[in-house]
Amino acid sequence: MAIRLGDEAPNFQAMTTEGEVDFHKWLGDGWGILFSHPADFTPVCTTELGAASKIKGEFEKRNVKMMAISVDTVDQHNAWIGDIEETQSCTMNFPIIADPDRTVANLYDMIHPNSLENMTVRSVFVVGPDKKVKLTITYPASTGRNFDEILRVIDSLQLTSKFQVATPANWQDGDDCIVVPAVTDGELAAKFPKGVNRIKPYLRTTPQPNK
Ligand code: BEZ
């Protein structure tokens, strides 16, 4: 069954390029991103893992651990990592799950047979410190992901988990935010001391509270 926002991220034990992991223990108290790619030794996937490894520091700043997965073996992953590092000028620095029997892929509904037979599509799951799924995104095999967009969404998720705000279209960290409808006008001054611009009764903006 498909995993929905707010569901607990299913736990699993799996072999990875960095040894055996228990997913929930590996996550610890922080955030995590689990993302699948169709197969090793394929061009778009090679660029994606290279791009992700280069911005691992940005994920770490946000207390987010990264883990990739495909239905290949550890030996295949390790052989491919050499190609990723050579062609993308990077150092692979996060684990890739080996899931040849598709246990994790099936648990997370990452195989979409009408799109790609027997391989995982490009699924993304962001998991919060409470082990709940905060974001799911699914891309087809033909479209490489934008990891800057994933960072942007994580910034929004982390902000909106702490303050009663939402983030508008194309928001970037530092931009004004939207006050959520649950906050009454009478509460605005106490909750948003930086001020609120009341454009419509339902559209109220405020400077980003944690900046
Ligand atoms: C790729 O990573 O380039 C790819 C993988 C599977 C199908 C199509 C493209």
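Since the structure is predicted, the reported quantities are computational estimates derived from the model, not experimental observations. As a basis for the values below, the full set of heavy atoms in this structure was taken, side chains included, without hydrogen atoms, waters or symmetry mates. Counting starts at 1 for both ligands and their atoms, in listed order.
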May I have the N/O to N/O pairs between ligand 1 and the protein that fall below 3.5 Å, each with atom names and distance to one decimal?
unit_1   : atom_1 : unit_2 : atom_2 : d
ligand 1 : 2 (O)  : T42    : OG1    : 3.0
ligand 1 : 2 (O)  : V44    : N      : 3.1
ligand 1 : 2 (O)  : C45    : N      : 2.9
ligand 1 : 2 (O)  : R122   : NH2    : 3.0
ligand 1 : 3 (O)  : P43    : N      : 3.3
ligand 1 : 3 (O)  : V44    : N      : 2.7

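Using a 4.5 Å heavy-atom threshold, the side chains of M110 and F35 count as separate.
Every residue two or more places apart in sequence or in another chain that forms a side chain to side chain contact (heavy atoms under 4.5 Å, CB included) with L135 is listed here: V126, I137, V153, L157. Q164 meets the side chain to side chain contact (heavy atoms under 4.5 Å, CB included) test with V180, V183, K191, F192; sequence neighbours excluded.
Pairs passing the side chain to side chain donor-acceptor pair (under 3.5 Å) check and including a residue from residues 78-93, sequence neighbours excluded, read T46-W80.
In this structure, D101 places its CG atom where more than 12 heavy-atom neighbours from other residues, nucleotides or ligands lie under 6.0 Å away.
Remark: K65 fails to qualify as a cation-pi partner of W31 under the 6.0 Å distance and 45° angle criteria applied to the six-membered ring.
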